[in-house]
Every structure is written in structure tokens, then in C-alpha cells.
*Asks:* 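Below you'll find the structure I mean.
Computed from a prediction, not measured in an experiment: that's the story for all the values here. Computed from heavy atoms alone, side chains included, the values below leave out hydrogens, waters and symmetry copies.
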Amino acid sequence: MSSESRDEHTETRRTRAVVDRIEDGGAAVLFVGEDEGAQVELPASLLPEGAASGSHLLITVALDEGARRDAEDRVRALQEKLERRGGQKNFKL
């Protein structure tokens with residue numbers, strides 16, 4: 001299996017990464033992808049317990065459509081509230 005794959009049904013992507021280092025400020029530096037050509041920095045608190053320099057990781061990234069819809073609903077409700085309060089039409093954030 002390739003180290004990078006895409007699952008068409010659930011809109012997720014998976015790739016492998018290697019922890020290069022964990023910095024004193026709490027950031028983890030990862031080399032990501034099949035050729036480890038991309039460098040990514042993220043909070044070390046997101047790493048699984050026991051991860052350290054040299055650890056190999058499997059990363060899954062998935063769309064969260066429910067969270068997107070919830071955020072749109074909150075913004076829409078706020079826009080409507082501001083329109084009612086200010087009396088303006090077509091108010092945009």
C-alpha cells in the first residue's frame with residue numbers, strides 16, 4: 001500500500017510522517033509524505049502518547065461537514081440578529 005492514499009467514500013486522506021524533533025516550546029516538527037519532503041509544525045500535545053523524535057506516525061485528515069454546517073448556522077443567526085438590531089439589509093461579516 002502506498003504511504004499516501006485517499007478514501008473516496010469518506011473524504012479522508014492518510015499519509016505517513018516522521019517526528020523530526022519536539023522543541024522546548026511544545027512544537028513538534030514532522031516530515032510528512034512518502035518522500036518526507038514536507039515539513040509541518042504542530043503542537044506536540046496533538047501527538048499520541050509516547051511519540052518522540054524518530055517516531056513514525058500515520059496521519060488521517062478528514063472533512064468535518066457537520067462542524068462546517070454548524071459554523072455556517074451560527075454565522076447566519078448572528079447576521080440575522082445584527083440585521084434586526086441595525087435595521088440594515090444585506091449585512092455581511
*Asks:* Grab the two heavy atoms, one from Phe31 and one from Gln39, that are nearest each other, plus how far apart they are.
*Replies:*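 Looking at all heavy atoms of both residues, the closest pair is CE2-OE1, 3.4 Å.
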*Asks:* For the pair Glu72 and Arg69, find out whether any cationic side-chain nitrogen is under 4.0 Å from an anionic carboxylate oxygen.
*Replies:*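 Salt bridge absent between Glu72 and Arg69.
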*Asks:* A side-chain contact here means heavy atoms from C-beta on lying under 4.5 Å apart; do Leu30 and Ile59 qualify?
*Replies:*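 Yes, side chains in contact.
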*Asks:* So which heavy atom on Ala52 is nearest to which on Val19, and how close?
*Replies:*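 Minimum heavy-atom separation between Ala52 and Val19: O-CB, 3.3 Å.
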*Asks:* Quick one: CZ on Arg14 to OG1 on Thr60, what's the gap to the nearest 0.5 Å?
*Replies:*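 Output value for this atom pair is 5.0 Å.
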*Asks:* If I compare all heavy atoms of Gly50 with all of Ser55, which pair ends up nearest, and what's the gap?
*Replies:*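 In this case the closest contact between Gly50 and Ser55 is O-OG, 4.3 Å.
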*Asks:* Is any side-chain heavy atom of Leu47 closer than 4.5 Å to one of Ile22?
*Replies:*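 Touching, per the 4.5 Å side-chain cut-off.
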*Asks:* With the 4.5 Å side-chain cut-off for hydrophobic clustering, are Val29 and Leu46 part of the same group?
*Replies:*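 No, no single cluster joins them.
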*Asks:* Taking C-beta and beyond as the side chain, do Val32 and Thr15 meet within less than 4.5 Å on heavy atoms?
*Replies:*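 The answer is yes; the side chains approach within 4.5 Å.
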*Asks:* What's the shortest heavy-atom distance between Glu41 and Ala27, and which atoms?
*Replies:*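 Of all heavy-atom pairs spanning Glu41 and Ala27, the closest is OE2-CB, 3.6 Å.
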*Asks:* Do Arg85 and Glu83 sit within salt-bridge range, that is, some charged N less than 4.0 Å from a carboxylate O?
*Replies:*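 No.
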*Asks:* Look up atom CG in Asp70 and atom CD in Glu65, then write down how far apart they are to the nearest 0.5 Å.
*Replies:*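 Going from CG on Asp70 over to CD on Glu65, the span is 11.0 Å.
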*Asks:* Could you check whether any side-chain heavy atom of Leu57 comes within less than 4.5 Å of a side-chain heavy atom of Val18, counting everything from C-beta outward?
*Replies:*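 No, their side chains stay 4.5 Å or more apart.
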